[in-house]
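Letters A, B, ... are given to chains in the order of the sequence lines, protein chains preceding strands, and every chain is numbered from 1.
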There are 2 protein chains.
Amino acid sequence: MSALRRPDGFSNAASGPNWLNTILKGDCVAAMNRLPDASVDIIFADPPYNLQLNGDLHRPDQSKVDAVDDAWDQFDSFEAYDAFTRAWLLAARRVLKPNGTIWVIGSYHNIFRVGAKLQDLGFWILNDIVWRKTNPMPNFRGRRFQNAHETMIWASRDEKAKGYTFNYEAMKAANEDVQMRSDWLFPICTGHERLKDDKGDKLHPTQKPEALLARIMLASSKPGDVVLDPFFGSGTTGAVAKRLGRHFVGIEREQNYIDAALERIEAVKPLGTAELTVLTGKRALPRVAFGSLVDTGLIKAGAMLWDAKRRWSARVRADGTLSIGDEAGSIHKMGAHVQGFDACNGWTFWHYERAGGLTPIDELRRIARLGMEKAGA
Amino acid sequence: MSALRRPDGFSNAASGPNWLNTILKGDCVAAMNRLPDASVDIIFADPPYNLQLNGDLHRPDQSKVDAVDDAWDQFDSFEAYDAFTRAWLLAARRVLKPNGTIWVIGSYHNIFRVGAKLQDLGFWILNDIVWRKTNPMPNFRGRRFQNAHETMIWASRDEKAKGYTFNYEAMKAANEDVQMRSDWLFPICTGHERLKDDKGDKLHPTQKPEALLARIMLASSKPGDVVLDPFFGSGTTGAVAKRLGRHFVGIEREQNYIDAALERIEAVKPLGTAELTVLTGKRALPRVAFGSLVDTGLIKAGAMLWDAKRRWSARVRADGTLSIGDEAGSIHKMGAHVQGFDACNGWTFWHYERAGGLTPIDELRRIARLGMEKAGA
DNA sequence: GTGGTCACTGAATCTTTAC
DNA sequence: GGTAAAGATTCAGTGACCA
């Protein structure tokens with residue numbers, strides 16, 4: 001294992017496998033093949049886009065656009081690009097945990113090929129996410145629409161993997177309490193965040209903004225998770241992972257990018273547990289069994305419950321089930337039963353009498369949780 | 001040709017081929033195969049998204065694909081969808097004019113496969129456009145991001161086809177005078193625009209908003225162009241085409257959709273010629289040789305020209321070239337020369353003295369064009 | 001410090017016509 | 001077909017420098 005020095009500041013510096021929080025040098029497929037099966041929680045991949053640029057492009061002021069013409073972005077054909085994509089996706093799939101997810105970013109030049117190959121290999125697309133750029137480069141010749149976005153695909157390892165991490169509440173809380181949409185707005189990476197070389201030019205042609213990676217990790221990983229980036233480049237994934245209390249594994253071929261990324265990551269200060277808790281949003285609320293409400297006396301065995309319009313009623317039994325005539329079952333089952341539905345949230349369907357009106361039993365659950373907090377549970 | 005009755009209100013009702021402004025009933029590949037080569041200007045296609053093959057899909061040989069519950073595994077399903085996509089894209093490519101363009105809309109379920117196949121068949125992607133929905137359906141389970149957009153691919157027939165229509169200036173003017181971006185914001189189709197069946201339910205599951213089609217046609221077609229929609233459905237393409245002075249050809253298999261679309265299109269009132277006039281830029285104006293300004297006396301041989309800041313000057317020669325010291329050449333060449341650039345627009349770079357100030361020689365070109373108009377040239 | 005000007009820059013599949 | 005010439009074209013920033 002050609003693990004490089006591990007940057008400072010990781011709590012597990014002395015523990016964990018030797019490839020954790022390091023940058024592996026070399027080809028991404030070969031490097032991934034040296035990692036164990038099912039060893040990473042999420043993968044962020046920013047593969048070559050295969051831009052297929054022709055000649056030079058000049059701005060109206062005659063200055064030349066600094067194009068991405070690096071050798072690593074050159075492919076002979078779509079077939080060659082597809083073969084490359086298939087190879088690294090296969091390697092990535094093996095190292096991904098069964099409930100892990102993968103993110104791939106691209107533009108219209110490559111993203112359709114990547115998406116099709118993801119599906120071919122059995123990955124299951126969860127969302128396509130549009131990164132809308134606040135400040136994209138214009139279309140200088142006025143021959144197309146301004147290319148103002150890039151596309152990310154978020155996919156689970158396979159269709160049956162339902163246990164992937166999605167911090168729904170955290171995303172909602174971060175989005176003014178409405179669901180986070182599939183279109184995200186961020187500036188491109190400029191200013192001081194953009195790494196520069198000795199001459200003051202951009203170090204890497206396609207450095208991604210940290211805000212983008214932060215949202216990805218906050219949405220789809222937990223503190224302590226391992227994030228793999230097979231096209232590590234300037235190390236944005238590693239920097240954000242360290243700040244957010246995740247572990248990273250980077251793979252990169254070029255030594256100058258590795259050096260810059262290590263230095264960058266070492267300078268990152270991890271957030272404290274308290275700050276991370278805030279970012280993670282609402283903690284998962286403790287589950288409350290309806291029966292425990294009976295046990296603790298919040299509601300008494302024998303009490304009557306109604307739906308909001310008093311069309312149906314049920315009696316609370318000592319074991320925490322409801323009975324209606326001869327039938328009995330959980331609050332959910334019985335709510336579904338009377339309505340003729342397959343499913344029902346009994347907490348919001350059933351109500352109890354209080355001060356002459358009806359109150360959802362969810363209120364009792366809330367009270368029960370307050371009691372659990374006080375108890376330090 | 002199984003052309004149906006042509007809706008009223010088309011100026012060419014008595015002329016044009018018999019398939020113009022009609023809906024062809026049947027399979028889209030078979031129907032397109034009955035149209036002539038290179039006969040349509042743009043194609044808008046909203047193919048089935050459904051990868052479960054529930055009866056909507058046919059193989060290229062017209063045999064029906066078995067429904068979902070059968071032994072078709074995922075890979076076979078994707079293969080069948082790819083074959084279907086390839087078949088209709090090939091047929092579409094033949095009927096598209098050399099400088100025509102195609103729009104395909106889809107979601108993450110199918111758009112990656114469609115995009116890859118477009119590239120495989122030689123189409124050249126110009127943009128991918130994101131339709132951001134103002135009012136998307138929420139994600140009810142809270143297990144993914146709200147799927148708040150759909151993706152459109154805009155492609156020319158092949159890489160070398162540079163003569164496609166793109167009304168850049170009109171799009172820019174419609175967007176607060178900055179160039180139109182690749183992310184568009186529109187509501188989904190609801191309210192009175194949404195066609196209803198006898199029971200008041202939505203007639204078609206995926207009726208697209210007219211605003212979306214309007215932007216597509218205003219951006220990439222001219223009045224009088226022919227717009228083909230091989231998955232016509234409720235006829236949004238036809239309705240918008242008629243309103244915007246374009247011709248349509250629709251293909252649809254289900255008679256109830258055809259009936260509804262015909263009725264809908266007949267009710268549309270076309271806009272007048274004046275309202276349809278498209279803002280054009282300098283590209284559309286007649287060319288003027290600088291020498292002709294000298295010939296007509298708008299500027300005199302021997303006159304001096306300066307750049308806007310009077311850093312450089314040049315002398316007009318009788319043949320319409322400029323001289324600076326020993327060097328001479330066109331207004332463009334000399335403008336580039338003094339600045340050390342490869343290229344320069346001499347019309348806006350060089351200025352002449354008027355009323356004590358400097359005016360671009362482009363003003364003289366404008367005057368010359370006015371004279372050409374009066375002369376009826 | 002403040003404000004104004006100017007130079008520079010970003011994953012880019014970026015022209016049209018005449019000869 | 002190719003080559004050469006004409007001529008059309010940019011948005012949201014950041015940062016340096018100067019008054």
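- Taking 4.0 angstrom as the limit, A/R194 places a side-chain polar atom (N or O) nearer than this to OP1 or OP2 of C/dA11.
- When heavy atoms are screened at a 4.0 angstrom cut-off, B/E159 is found touching no nucleic acid atom at all.
- At the phosphate of D/dC11, neither OP1 nor OP2 sits under 4.0 Å from any side-chain N or O atom of A/N135.
- Under the 3.5 Å distance criterion, with hydrogens and angles disregarded, a donor-acceptor pair is assigned to the side chains of A/E150 and A/Y49.
- For the C1' atoms, the distance from D/dC17 to C/dG1 is 15 Å, rounded to whole Å.
- Residue B/Y168 has a polar side-chain atom (N or O) positioned under 4.0 Å from OP1 or OP2 of D/dT10.
- Base contact: A/W72 has a heavy atom under 4.0 Å from a base atom.
- Considering only side-chain atoms of A/D73, the nucleotide from C/dA11, C/dT15, C/dG10 that sits closest is C/dA11.
- Taking atom OH of A/Y49 as the reference point, atom P of C/dG10 lies 15 Å away to the nearest angstrom.
- Comparing atom distances between the B/K162 side chain and each of D/dA5, D/dC11, C/dC14 picks out C/dC14 as nearest.
- Base contact: B/A343 has a heavy atom under 4.0 Å from a base atom.
- Taking atom CZ on A/R113 and atom P on C/dA11, their separation rounds to 24 Å, with Å as the unit.
- Residue contacts shown for B/D342 are absent, as no nucleic acid heavy atom lies under 4.0 Å away.
- The number of heavy atoms from other shown groups lying within 6.0 Å of CZ (B/R369) is above 12.
- A salt bridge does not link A/E79 to A/R113: none of the charged side-chain nitrogens sits closer than 4.0 Å to a carboxylate oxygen.
- Separation of the P atoms belonging to C/dC14 and D/dA12 is 22 Å when rounded to the nearest angstrom.
- Within 3.5 Å, a donor on the side chain of A/R144 pairs with an acceptor on the base of C/dT13, or the reverse.
- Counting any heavy atom pair closer than 4.0 Å across all strands shown, B/W124 reaches a base atom.
- At D/dG15, one or more side-chain N or O atoms of A/H192 fall inside 4.0 Å of OP1 or OP2 (strictly under the cut-off).
- For the OP1/OP2 pair of D/dG7 and a distance below 4.0 Å, the side-chain nitrogens and oxygens of B/H332 include at least one atom meeting the criterion.
- Distances shorter than 4.0 Å separate none of the side-chain N or O atoms of A/S107 from OP1 or OP2 on C/dA11.
- For B/R365, a side-chain nitrogen or oxygen approaches OP1 or OP2 of D/dA8 to under 4.0 Å.
- Note on B/S330: only backbone sugar-phosphate atoms sit closer than 4.0 angstrom, heavy atoms only; bases stay farther off.
- One atom, CG of A/L57, and another, P of C/dT9, lie 15 Å apart when rounded to the nearest Å.
- Rounded to whole Å, atom P of C/dT13 lies 11 Å from atom CZ of A/F140.
- Among the protein residues, A/P136 comes within range of the nucleic acid bases, having at least one heavy atom under 4.0 Å from a base atom.
- The only member of A/L121, A/V114, A/D120 that meets side-chain contact (heavy atoms from CB on, under 4.5 Å) when paired with A/T85 is A/V114.
- Contact annotation for A/Q207: no contact, since no heavy-atom pair falls under 4.0 Å across all strands.
- Around the NZ atom of A/K196, the shell of radius 6.0 Å holds more than 12 heavy atoms that belong to other residues, nucleotides or ligands.
- Rounded to an integer number of Å, the gap from A/L212 CG to C/dA11 C1' is 13 Å.
- Ranking C/dT13, D/dA8, C/dC6 by closeness to the B/K309 side chain, first place goes to C/dC6.
- Across all strands shown, D/dT3 forms a Watson-Crick or G-U wobble pair, both distances under 3.5 Å, with C/dA18.
- A residue-by-residue look at B/K282 and B/R287 shows that B/R287 has its nearest nucleotide of DNA chain D further toward the 5' end.
- Closest to the side chain of A/V68, out of D/dA5, C/dA12, D/dC11, is C/dA12.
- With respect to A/F44, the side-chain contact (heavy atoms from CB on, under 4.5 Å) criterion is satisfied by exactly one of A/I216, A/I102, A/V104, A/T101: A/I216.
- Residue-level contact check: B/V178 touches the backbone only, with heavy atoms under 4.0 Å from sugar-phosphate atoms and none from bases.
- Judged by closest nucleotide on DNA chain C, A/D66 is the one of A/D66 and A/N139 placed further toward the 5' end.
- Within the 4.0 angstrom heavy-atom criterion, base atoms lie near A/T206.
- A/P47 comes within 4.0 angstrom of a nucleotide base, judged by non-hydrogen atoms across all strands.
- The side chain of A/T190 approaches D/dT14 more closely than any other nucleotide in the set C/dT13, D/dT14, D/dT10.
- Nucleic acid contact for B/I125: base, since at least one base atom lies under 4.0 Å from a heavy atom of the residue.
- Here A/N54 does not reach the OP1 or OP2 of C/dC14: none of its side-chain N or O atoms lies under 4.0 Å away.
- Across all strands shown, D/dA8 forms no Watson-Crick or G-U wobble pair with both distances under 3.5 Å.
- Note: NZ (A/K133) to P (D/dT14) measures 16 Å, nearest angstrom.
- Base-pair partner of C/dA11: not found among the strands shown (Watson-Crick or G-U wobble, both distances under 3.5 Å).
- Residue contacts shown for A/G55 include a base, since a base heavy atom lies under 4.0 Å away.
- Taking atom C1' in both C/dC8 and D/dT10, the straight-line distance is 13 Å, to the nearest Å.
- Out of C/dA12, C/dT9, D/dT9, the shortest distance to the side chain of A/D201 is found at C/dT9.
- Remark: the separation of the P atoms in D/dA8 and C/dT13 is 23 Å, to the nearest Å.
- For A/R59 against C/dG10, a side-chain-to-base donor-acceptor contact under 3.5 Å is present.
- Between A/K202 and C/dG10, a side-chain N or O to OP1/OP2 separation shorter than 4.0 Å is present.
- A salt bridge is absent between B/E169 and B/K172: the closest approach of a Lys/Arg side-chain nitrogen to an acidic carboxylate oxygen does not fall below 4.0 angstrom.
- The phosphate of C/dT15 has OP1 or OP2 within less than 4.0 Å of a side-chain N or O from A/R141.
- The distance from atom CG of B/N175 to atom C1' of D/dC11 is 12 Å, rounded to the nearest whole Å.
- For B/K172 and D/dT10, the shortest distance from a side-chain N or O to OP1 or OP2 is below 4.0 Å.
- Across the protein-nucleic acid pair, A/H149 atom NE2 and C/dA11 atom P stand 15 Å apart, rounded to whole Å.
- If you check every strand for non-hydrogen atoms under 4.0 Å, A/D56 touches a base.
- By the 6.0 Å contact criterion, CZ on A/R253 is open, its count of non-hydrogen atoms from other residues, nucleotides or ligands being 12 or less.
- Regarding the sugar-base torsion, C/dT15 falls in the anti class, its angle being beyond 90° of 0.
- Between D/dA8, C/dT9, C/dA12, one nucleotide has an atom nearer to the side chain of A/D61 than all others, and that is C/dT9.
- When the shell of 6.0 Å around CG of A/D201 is examined, it contains more than 12 heavy atoms from other residues, nucleotides or ligands.
- By the 6.0 Å contact criterion, CG on A/D76 is open, its count of non-hydrogen atoms from other residues, nucleotides or ligands being 12 or less.
- Stacking between A/Y108 and C/dT13 is absent: the ring centroid is not both under 5.5 Å from the six-membered base ring centre and under 30° in plane angle.
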